[in-house]
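Remarks on the structure that follows.
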Amino acid sequence: MDSSFSNEFDVIVIGGGIMGSSTAYQTAKRGHKTLLLEQFDFLHHRGSSHGESRTMRATYKKDYYTKMAVESSKLWREAESEAGYSVYTGTDHLNMGPVGSASLKAVIASCEKNSFPYQILDHGQFTDRFSGRLGIPEDWIAVYTELGGVIKPTKAVSMFQALAFQKGAVLRDNMEVKDIRRDEARGGIVVCTTKGDKFWCRKCVVAAGAWTRKLVRSIAGIELPIQPEDITVCYWKIKEGHEEKYAVGGDFPTFSSYGDVHIYGTPSLEFPGLIKIILDHGCQCDPDKRQWRPEPDLDSLKEWIEGRFLGLVDGCAPVSMQSCMYSMTPDEDYVMDFLGGEFGEDVVIGGGFSGHGFKMAPAVGNILADLALAGRADGVELKHFRIGRFEENP
Ligand SMILES: Cc1cc2nc3c(=O)[nH]c(=O)nc-3n(C[C@H](O)[C@H](O)[C@H](O)COP(=O)(O)OP(=O)(O)OC[C@H]3O[C@@H](n4cnc5c(N)ncnc54)[C@H](O)[C@@H]3O)c2cc1C
């Protein structure tokens with residue numbers, strides 16, 4: 001872009017979480033003058049991309065996510081080698097549930113379809129393998145797969161921001177966007193902040209996480225069904241002397257448990273002697289009026305942990321809790337689409353990552369950059385992510 005104005009860009013990305021940061025990296029890498037705007041401090045803890053661990057897994061009921069996860073695991077490695085440090089540690093992934101569980105059947109079907117190696121463990125085999133660490137009820141089985149892992153989220157966001165900066169992107173935090181409008185005189189898009197700054201761009205990508213619904217409503221009057229949920233991350237204490245058995249880098253996997261409630265966790269990684277075990281649901285919230293009082297359904301968690309996690313300190317209570325937000329869509333599919341209406345294809349929305357987006361961030365960044373720069377994303381079946389699906393299936 002040939003511009004002598006410092007406030008003019010090819011692409012403006014709104015939202016400095018993992019999705020906005022990986023998108024800004026992509027557009028800058030492709031040689032486009034890019035601005036990344038974040039309403040709070042960079043690497044803040046008020047959205048969805050902060051903290052110490054996110055799970056990687058490739059087994060999905062919906063095959064398009066399997067493809068995206070496989071692609072992303074490759075792209076994570078490429079970004080790491082460009083940055084010169086690591087954010088993603090590979091592990092195996094363990095799925096547990098009652099015999100006949102639909103979720104486990106879907107995991108097995110996904111492995112079969114994609115030729116992923118997997119092992120089914122019955123109660124006896126499971127006990128042999130995880131003896132003294134983890135147990136399952138007699139009428140449960142487990143499916144063991146290879147493509148798992150743990151990504152360090154804050155470090156990963158920082159990595160994409162650093163890479164975007166290296167490629168020439170301008171990064172500005174404490175810049176809350178309050179308006180996005182068409183530039184009627186010359187075409188393109190004008191982005192305005194609450195502080196009175198005005199920026200012009202050819203294309204704009206909105207990756208505003210839990211704020212997406214509010215922002216899109218205020219700029220376009222469109223109501224996207226993206227519901228923020230407050231999720232509580234719980235860390236549990238491992239008995240002294242047992243820490244190594246659950247440590248990342250050994251043979252303890254990332255895991256998902258599909259019983260009455262969906263529970264998941266990672267090997268011990270961030271806090272020595274603690275392990276993350278959390279519920280995959282929370283309570284609806286307003287991202288601007290959070291209570292900061294994590295109140296998870298501790299009874300379900302404790303009931304699940306007791307008798308299963310054999311190396312945790314008795315008394316079973318989390319020793320540390322953190323708040324984070326999911327952005328849920330009704331079908332738990334992402335939104336990656338043009339905003340449409342008066343904005344046509346000049347404003348792209350990336351949101352509604354429904355609690356399973358982090359692992360996909362490198363692929364999502366590619367797709368959002370493709371949509372903004374080329375108006376299409378080759379090889380991606382976009383119908384699953386279109387805004388129009390909400391009208392077809394209200
Ligand atoms: C507890 C928890 C566990 C999770 N576990 C996993 C997991 O194991 N595996 C997995 O794949 N995914 C997981 N996820 C989901 C994943 O973390 C999210 O899908 C992902 O972080 C979403 O990123 P985002 O960039 O869309 O949102 P965010 O990180 O919230 O980024 C959006 C950014 O936009 C900014 N913003 C909003 N409005 C404006 C504005 N008007 N102007 C400027 N900036 C604005 C916000 O401040 C924010 O920084 C988990 C999520 C949580 C909460």
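Nothing here was measured: the structure is a model prediction, and the numbers come from that model. Hydrogens, waters and symmetry mates play no part in the numbers below; they use all other heavy atoms, side chains included. We count ligands from 1, going down the list as the structure has it; atoms in each ligand are counted the same way. By convention here, the first residue in the shown sequence is residue 1.
Near ligand 1, residues Ile14, Gly15, Gly16, Gly17, Ile18, Met19, Leu37, Glu38, Gln39, Phe40, His44, Gly47, Ser48, Ser49, Arg54, Thr55, Met175, Glu176, Val177, Ala207, Ala208, Gly209, Trp211, Leu215, Ile231, Val233, Tyr264, Cys324, Met325, Tyr326, Phe353, Gly355, His356, Gly357, Phe358, Lys359 come within 4.0 angstrom through at least one heavy atom.
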Scan the side chains in residues 67-75 for donor-acceptor partners under 3.5 Å anywhere in the protein, sequence neighbours excluded, and list what turns up.
unit_1 : atom_1 : unit_2 : atom_2 : d
Ser72  : OG     : Met68  : O      : 2.9
Ser72  : OG     : Met360 : O      : 3.4
Ser73  : OG     : Val70  : O      : 2.9

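Not counting sequence neighbours, the partners of Lys62 by the side-chain hydrogen bond (donor to acceptor under 3.5 Å, both in side chains) test are Asp333. Partners of His356 by side-chain contact (heavy atoms from CB on, under 4.5 Å), not counting sequence neighbours, listed by chain and number: Arg57, Tyr60, Tyr65, Tyr334, Ser354, Lys359.
Here Phe160 and Trp76 bring their ring centres to under 6.0 angstrom of each other. In summary, the aromatic rings of Trp211 and Phe40 are positioned with their centroids under 6.0 Å apart. The six-membered or imidazole ring of Phe309 lies near that of Tyr246, with a centre-to-centre distance under 6.0 Å.
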